[in-house]
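Encoded as structure tokens, the structure appears first; notes follow it.
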Amino acid sequence: MVLRNRHLYSLIAILILLGVYGYEYFLTELDSAELVKEEARVKTETNTFFLPTSTTGQIIHHKGYSLSYSEPHEQAEWVAYELKKSHLATTNFKRPYFEIDHAVKTGAASWRNYKNSGYDRGHLVPAGDKNYSQQAHDETFLTSNISPQRHAFNAGIWNALEQKVRYWASKYDGVFVVTGGVLTSGLTTIGTEKVAVPDAFYKVVFDADHNKMIAFLMPHKNSAEPLYNFVVSVDSVEVITGIDFFPELEDDLENQLEATTDYSGWSF
DNA sequence: CTGCCTCCC
DNA sequence: GGGAGGCAG
């Protein structure tokens, strides 16, 4: 009788242990799934999805975009952000003043470098892409987000390209965008801090939902040519900038997307 | 020198 | 999408 009870108690103990461990295992599985989601959420919020590599080692994350700052050129070598369809808005926020980006540890350029220089303070992340909130809009007026641009270029073909990207964001339900000037050595500079004036600007657009990519390389002058005349392969932009775009993509896919100059999948 | 305002294309 | 001049602190 005593022996039988012992067996019974052992059995109960084993069942309890199984139950406890099983429940903990369940919780652990739940935790790891939640953790993945949490990481994805944080990455999305800090724009660490699909960031290019930095040749300068100074990547800065703002709420609405990230950038890699080049101290020698006193501007970003790239800015990167996701332009969601839900971001598109026609709100007209009051235009703020340009502010020095204090997140840049080496000191971002002052906007006064541009004063009387003959060049526009050209947005890299367009304010027009951030009209969904006052904060996101104002954040584009940091000096880490501007580059000296000829007014005719900025207001001309470059503006046309920015509008085309917004059209694509709407048509294809969101795109990832990377933009910058081609920062080489020996460029003309403006202001006391010697902000470099790029000879060309590039823009890379990735439609992750439909797996297609397109890149533009534009000489720093206005043009009446159609936008698709400036399409180049992403690979060629990587060669002249030293930047690796979308390194997180699976290699075969990345190689395929970045080698092409075929823009037939993009509606102009 | 920097921040801000007003008027301008 | 931007610029210039001017004024106060």
Side-chain angles (χ1 to χ4, degrees), chain A residues 62 64-65 67 69 71 73-76 78-81 83 87-170 175 177-182 187-205 216-227 229-230 268:
Chain A
H62 290 304
Y65 65 97
L67 65 99
Y69 198 81
E71 183 59 29
H73 302 92
E74 286 293 5
Q75 65 196 279
W78 55 253
V79 299
Y81 58 103
L83 181 56
H87 289 169
L88 301 173
T90 53
T91 326
N92 236 336
F93 293 113
K94 183 175 182 288
R95 192 183 173 85
Y97 306 108
F98 283 95
E99 280 183 26
I100 294 173
D101 186 352
H102 295 293
V104 175
K105 291 184 177 61
T106 52
S110 160
W111 60 269
R112 289 207 191 246
N113 288 290
Y114 292 72
K115 201 171 174 67
N116 296 317
S117 70
Y119 291 93
D120 278 11
R121 307 152 172 106
H123 278 80
L124 293 175
V125 179
D129 285 5
K130 300 292 178 184
N131 274 336
Y132 54 91
S133 85
Q134 178 87 61
Q135 186 191 16
H137 172 264
D138 290 359
E139 206 179 44
T140 69
F141 284 79
L142 294 169
T143 55
S144 53
N145 184 45
I146 58 175
S147 177
Q149 291 183 331
R150 295 193 176 92
H151 184 74
F153 173 79
N154 190 17
I157 194 163
W158 189 248
N159 183 38
L161 179 56
E162 290 175 341
Q163 293 187 40
K164 189 66 70 183
V165 172
R166 283 194 281 275
Y167 166 70
W168 286 333
S170 170
V175 290
V177 188
V178 184
T179 296
V182 178
L187 294 173
T188 339
T189 64
I190 57 169
T192 55
E193 292 178 280
K194 301 190 185 303
V195 182
V197 182
D199 287 331
F201 290 86
Y202 69 86
K203 196 178 279 285
V204 181
V205 183
F216 297 84
L217 182 64
M218 294 185 163
H220 189 182
K221 61 171 194 260
N222 195 25
S223 170
E225 289 180 46
L227 291 173
N229 279 17
F230 298 93
F268 277 85

To the nearest Å, how far apart are [X] [atom1] and [N] [atom2]?
X: Ile100(A); N: dC1(B); atom1: CD1; atom2: P; value: 13 Å
X: Lys115(A); N: dC5(B); atom1: NZ; atom2: P; value: 15 Å
X: Asn116(A); N: dG5(C); atom1: CG; atom2: C1'; value: 9 Å
X: Ile146(A); N: dG1(C); atom1: CD1; atom2: P; value: 14 Å
X: Gln149(A); N: dG2(C); atom1: CD; atom2: C1'; value: 11 Å
X: Glu99(A); N: dT2(B); atom1: CD; atom2: P; value: 13 Å
X: Phe98(A); N: dA4(C); atom1: CZ; atom2: C1'; value: 14 Å
X: Arg166(A); N: dG1(C); atom1: CZ; atom2: P; value: 6 Å

Residue-phosphate contact under 4.0 Å: [X] side-chain N/O, [N] OP1/OP2:
X: Asn159(A); N: dG1(C); result: no
X: Arg121(A); N: dG3(C); result: yes
X: Tyr119(A); N: dG2(C); result: no

By nearest heavy atom, map Phe141(A) and Arg112(A) onto DNA chain C; which one lands nearer the 5' end?
Phe141(A)
Parallel, tilted or perpendicular: rings of Phe201(A) and Trp158(A) (30°, 60°):
tilted
Once the angle between the rings of Tyr132(A) and His87(A) is folded into 0 to 90°, is it parallel (under 30°), tilted (30 to 60°) or perpendicular (over 60°)?
parallel
I'd like to know whether the aromatic ring centres of His73(A) and Tyr69(A) sit less than 6.0 Å apart in this structure.
no
Check every atom of [options] against the side chain of [X] and return the nucleotide holding the closest atom.
X: Tyr97(A); options: dG1(C), dC5(B), dG5(C); result: dC5(B)
X: Asp120(A); options: dG5(C), dG1(C), dG3(C); result: dG3(C)
X: His123(A); options: dG5(C), dC4(B), dG2(C); result: dG2(C)

Would you kindly compare His151(A) and Lys94(A) by the position of their nearest DNA chain B nucleotide and give the one closer to the 5′ end?
Lys94(A)
Quick one: do Val182(A) and Leu217(A) satisfy side-chain contact (heavy atoms from CB on, under 4.5 Å)? Show the steps, please.
CA-CA 9 Å; Val182(A) 178; Leu217(A) 182 64; 3.9 Å; yes
Check every strand shown and say whether Gly122(A) touches a base, only sugar-phosphate, or nothing at a heavy-atom separation below 4.0 Å.
sugar-phosphate
Please say whether more than 12 non-hydrogen atoms of neighbouring residues, nucleotides or ligands are located less than 6.0 Å from CD in Glu99(A).
no
